[in-house]
Amino acid sequence: MFDAFVNPTLRRLNTELAALQAKSQYRSLETVPGINLYSNDYLGLASDPRLKAALLRELHRIEQVGATGSRLLSGNSRYWEDLESELAAFTGAESALYFGSGYAANVGLLSALLRPEDTVFSDASNHASIIDGIRLSRASRVIFPHLDLNFLENALRAAGGGERIVVVESIFSMEGDRAPLVSLLGLAERYGASLIVDEAHATGVVGPQGRGLAAITGRPPALLATVHTAGKALAAAGAFVACSETLKHYLINRARTFIFSTALPPHMAAQVCAALRIAEQADAERAHLRVISRYLHSRLGEAGFDVGGSESQIIPVILGTNEYAVMFAEELSRAGFAIRPIRPPTVPDGKSRLRISLTSRITMDDVERLADCMTAVRERTAVTERSGRA
Ligand SMILES: Cc1ncc(COP(=O)(O)O)c(C=O)c1O
């Protein structure tokens, strides 16, 4: 008789998963009921009847519902080309190129652009897709402390040969604060560097008609590209790089996540187009979002929470340990607020948090109740947390 075979790889995976569980760092797929505080649907378009109706109209009109291949093979269509022209106009860029996701856009852009002799300067709070794109590129890298422009300037001054590319998010996904684009562009110009800005959390939300933060600062030559995701405020899927014609054609030839991946179905292009039109008109939703975000930030700050320097709809509530963040999220969920704790490796060790992500569907009443509830949970649990840590 043979002993039952235990697959050694699965055994190792089980050990690793058990270790994550022991550190309160184990993640599972769940849908948490309640008022949604962890959605990136900033303008509430995901359930907007106008967007659904537009998509249905297009589905009736469109000949095929599958892309059938990469854009370089059978996956191209006039839907994508028309959309890219609209996106270029929307961002004020010369051109735009659509990718299957924001992750693919950042990885494709950075890994194609950067050469081993170049140096990339990346903010320490940048998204995983930026980190992974940089890792793939083999360029020298300088990870500068979050928004520390003095550190960045010294590093730019000290950099060796090759090109210099600075990468930031315009609204940081975990901190909710803004990159000072004017100062960053000034530094880039002074040191002959280029700037790439990920506008994932600003697209649809910030700037005139939701065109992003770079639409406020303009697009001088030092601004090489902006990256805009469509899966958040635009309630669709995919992402686009807004850039020059030259960079677009370079990416079509060199960005592996663009070349070696099936295009999204053409009705997605139609959906993004429709979402863009609604988002452009959503000044009232943007104004409401600004009001409730500022109010919640100041209420939580006054109550003693560490809410960082958020200037947007993303409000981090930094709680410290994984266990405290998990427990806090569970308390809120019991009170009818849906939120998930954010733990390492998404954020640094000891900086576990709740990431409150407000949308225009949330009312001022909801925000009042949330602030009251969080204050009560804090008062009830702070003692336990302090003695737990001692
Ligand atoms: C700053 C940033 N960039 C890129 C992405 C990836 O976008 P996508 O979800 O479309 O892959 C995200 C997603 O959360 C993000 O927060």
Side-chain angles (χ1 to χ4, degrees), residues 27 29 36-43 45-46 83 87 91 96-111 120 122-136 143 146-147 166-179 181 184 195-207 210 212-214 225-243 251 255-258 261-265 268-269 271-272 275-276 279 308 310-316 339-340 342-343 345-347 353 355-359:
R27 293 165 163 88
L29 299 176
N36 194 330
L37 301 173
Y38 65 123
S39 162
N40 295 322
D41 181 26
Y42 300 129
L43 298 176
L45 295 195
L83 175 64
L87 295 172
T91 50
L97 184 67
Y98 212 85
F99 286 73
S101 70
Y103 188 91
N106 277 330
V107 169
L109 170 67
L110 294 165
S111 62
V120 58
S122 176
D123 188 284
S125 290
N126 277 344
H127 188 258
S129 53
I130 298 175
I131 297 170
D132 292 356
I134 291 172
R135 282 186 185 153
L136 265 178
I143 312 299
H146 182 50
L147 292 182
V166 180
V167 193
V168 294
E169 296 178 31
S170 57
I171 300 228
F172 281 88
S173 54
M174 285 300 138
E175 327 287 342
D177 51 4
R178 288 178 175 213
L181 291 191
L184 284 162
L195 182 66
I196 293 178
V197 181
D198 181 336
E199 297 252 45
H201 298 276
T203 307
V205 179
V206 171
L213 201 57
T226 51
V227 178
H228 304 255
T229 59
K232 303 185 195 303
L234 297 181
F240 59 100
V241 176
C243 58
L251 293 175
R256 293 169 67 83
T257 55
F258 179 84
S261 192
T262 301
L264 290 173
M268 187 51 71
Q271 180 173 337
V272 177
L276 210 57
S310 165
E311 297 171 274
S312 71
Q313 73 282 5
I314 298 166
I315 304 177
I339 192 155
R340 305 215 59 191
I342 311 279
R343 290 159 282 173
T346 311
V347 292
R353 64 191 64 188
R355 172 185 179 274
I356 300 177
S357 165
L358 295 174
T359 73

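Just so you know, ligand 1 is whichever comes first in the structure, and atom 1 is the first atom listed for that ligand. This structure is a prediction, so every number in the text was calculated from the model and none was measured.
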Ligand 1 atoms in contact with T229 (distance to a heavy atom under 4.0 Å): 7 (O), 10 (O)
Under 3.5 Å: N/O of G102 near N/O of ligand 1: yes
Option of least heavy-atom distance to atom 9 (O) of ligand 1 (set: H127, K232, H228, E199): K232
Ligand 1 contacted by G231 (non-hydrogen, < 4.0 Å): no
Any donor-acceptor N/O pair, S312 side chain to G176 backbone, under 3.5 Å: yes
Stepwise salt bridge (Lys or Arg N to Asp or Glu O under 4.0 Å) test for R353 and E175: CA-CA 10 Å; R353 64 191 64 188; E175 327 287 342; 3.4 Å; yes
Contact check, side chains of R178 and V206, non-hydrogen atoms, under 4.5 Å: yes
Per-atom contacts, ligand 1 versus S173 - under 4.0 Å to a heavy atom: 16 (O)
Enumerated ligand 1 atoms positioned under 4.0 Å from heavy atoms of N106: 3 (N), 4 (C)
Backbone of N40 reached by a side-chain donor or acceptor of Q313 within 3.5 Å: no
Option nearest atom 16 (O) of ligand 1 (shortest heavy-atom distance, choices E169, H201, M174): H201
R27 CZ: over 12 foreign heavy atoms closer than 6.0 Å: yes
Close N or O approach (Y103, ligand 1; < 3.5 Å): yes
Ligand 1 N/O within reach of N40 N/O, cut-off under 3.5 Å: no
